[in-house]
Amino acid sequence: MSKTELPGRIRKAPEGFLDPAQIAKVQSGRRDFLRNAFLAAGAVAAGTAAAQPPKAAGFQGESEILDLPEHSKGLGQPVAARGYGAPSQFESNLQRRESPGLTRVSAASVSFTPLQGLFGIITPNGLHFERHHQGWWDVDPSRHRLMVMGLVKQPKVYTMDDLMRLPSVSRMHFIECGANTGMEWGNVAVPTVQYTHGMLSCCEYTGVPLAALLDDCGFDRAAARYVLAEGADGSGMTRTISIDRVLDDVLVAWAMNGEMLRPENGYPLRLVAPGLQGVSWVKWLRRVEVGDQPWGTKDETLHYVDLMPDGVARQYSSIQECKSVITSPSGGQTLLDKGFHNVTGLAWSGRGRIKRVDVSFDGGRNWRTARLEKPDEPKCLRRFNIGWVWDGGPAILQSRAIDDTGYVQPKINQLRAVRGSRSIYHNNAIQSWKVAEGGEVSNVQAY
Ligand SMILES: Nc1nc2c(c(=O)[nH]1)N[C@H]1C(S)=C(S)[C@@H](COP(=O)(O)O)O[C@H]1N2
Ligand SMILES: [Mo]
């Protein structure tokens, strides 16, 4: 690396790390704790051999490495006393948040995943976004039931024990609310990637294929065209899903990321409908009905329809099309130095795998192909990385994903030309982040 290519530094958005004053407070509290712990442990562990500080010349003034901190000299804490581990106290600002730009209607609420602070593709369970139409419940699994009925030979009611003894599968998929990035239709530049794209999460789910349950009930293969899924909360959440999708990869899942679902994500049972918008992933799943036509329920006629420029509302536009976003640097962050920066982000497609991601640093005039990380799973997030040497001048960063159907993620003006600007849902446009001369990154629309 030449001198100008020294790794640049990024100050995280307020949602990323604690601010310096808070860090100082946390650190002094921790020092007191360690000092006390050290004194208390002194009696038992007297004579602990402290490591020697490095004596290398040329590092004068580097006190953070030359002066041994308490934690290199004292006795650390024993195993975490809590039965269930928690993140470092220095990470306490990494939180799901409600958007300052959205009004909460009673229990119909949204919390967003802090994409700017996450690595790889897996969303930790405590940071999975939430979307409740009528609040969440912690449902007793011993009393939860799933009914399968309709065009089946033998309607059945399953307990959780019944379901969990069946052969299960585990698969990684993204879930994205159809309204994700919806504010951009109206060019409301919400400040951070948490609020533009944070109704997006990705987990490993474990459950049984819904197809296996339909087989178990002897569904009418000739007549069955659709399946209705219904949730056990007060929202009356019911969604129609076509039988091809169901037979392809829809799961009835009880686990995410190796543990049982969290209550707010549908514990003890939810539908996993890979590639479909979040609303089809019915939580607290209690009923599945097999039918020969779509039900046209309130959540597929009143809501989750796209108002087109000619006044016609498009229905059942359920697939989450190919999309990507740069998560760092992103809105609210600040580039502290010119020089080398690793630009990173996420790409996904409800139709399959990500084939390529291109990144532009000049608002879409020139594009370079980013490096795609493993794994390469269908209907799953894909992490991309690309190196960039910032010259200290203004820049506009964009990412453009291409999926294995050949579909190219559109610019916002291309999308508006077809869809108008009265939509709420299904905005998969290229996101632009503007880097100002001072290094501040903000949300802009550029094409
Ligand atoms: N029963 C029920 N299922 C539901 C919802 C709900 O309110 N009730 N919200 C839906 C919507 S709109 C979305 S985007 C996803 C959100 O899932 P999450 O809260 O696990 O992120 O759940 C869907 N399933
Ligand atoms: Mo949603």
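Values in this document were obtained by computation on a predicted structure and should not be read as measured data. In listed order, ligands and their atoms are each counted from 1.
Contacts with ligand 1 closer than 4.0 Å are made by no heavy atom of Q277, backbone or side chain. Residue-level proximity to ligand 1 for I175 is carried by the side chain, the only part with a heavy atom below 4.0 angstrom. The side chain of S235, and not its backbone, has at least one atom closer than 4.0 Å to an atom of ligand 1 (non-hydrogen atoms only; side chain from C-beta on). Neither the backbone nor the side chain of W137 has a heavy atom within less than 4.0 Å of ligand 1. Neither the backbone nor the side chain of M199 has a heavy atom within less than 4.0 Å of ligand 1.
The protein non-hydrogen atom at the shortest distance from atom 10 (C) of ligand 1 is V279 CA, 3.7 Å. The closest protein non-hydrogen atom to atom 23 (C) of ligand 1 is G278 O, 3.3 Å.
At least one N or O atom of R131, backbone or side chain, sits closer than 3.5 Å to an N or O atom of ligand 1. Considering backbone and side-chain N/O of Y304, none are found under 3.5 Å from N/O of ligand 1. Close N/O approach between K283 and ligand 1 is found [any backbone or side-chain N/O within under 3.5 Å].
For the residues W136, F129, W281, the heavy atom positioned nearest atom 24 (N) of ligand 1 is part of W281.
Using bins of under 30°, 30° to 60° and over 60° for the plane-to-plane angle, the ring pair H341/W388 lands in the tilted bin. By the 30° and 60° cut-offs, the orientation of the rings of H197 relative to W348 is perpendicular.
Under a 4.0 Å criterion applied to the non-hydrogen atoms of H132, ligand 1 contributes the atoms 7 (O). Within ligand 1, counting atoms from 1 as listed, the ones closer than 4.0 Å to a heavy atom of W284 are 1 (N), 2 (C), 8 (N). Per-residue contacts place C177 under 4.0 angstrom from the following atoms of ligand 1 (heavy atoms of the residue considered): 14 (S). Interface of D233 with ligand 1, defined as ligand atoms under 4.0 Å from a residue heavy atom, comprises 1 (N), 2 (C), 6 (C), 7 (O), 8 (N). For ligand 1, the atoms sitting less than 4.0 Å from at least one non-hydrogen atom of E264 are 19 (O), numbered in the order shown with element in parentheses. The G231 neighbourhood of ligand 1 comprises atoms 1 (N), with distances under 4.0 Å to a heavy atom of that residue. Near N265, the atoms of ligand 1 lying under 4.0 angstrom from a non-hydrogen atom of the residue are 18 (P), 19 (O), 20 (O), 21 (O).
For E176, the closest heavy-atom approach to ligand 1 does not fall below 4.0 Å. Using a non-hydrogen distance threshold of 4.0 Å, E230 does not register as a contact of ligand 1.
Of all non-hydrogen atoms in R356 and D358, the two that sit nearest each other are NH2-OD2, 2.8 Å.
When the options I175, V272, L261 are evaluated for a side-chain contact (heavy atoms from CB on, under 4.5 Å) with M256, the one that passes is L261.
With a 6.0 Å radius and a threshold of 12 heavy atoms from other residues, nucleotides or ligands, M172 has its CE atom above the threshold.
In summary, the side chains of Y195 and N443 do not present any donor paired with an acceptor at a separation below 3.5 Å, with no hydrogens or angles considered. When only modelled atom types and interatomic distance are considered, E130 and S111 share a side-chain donor-acceptor pair under 3.5 Å.
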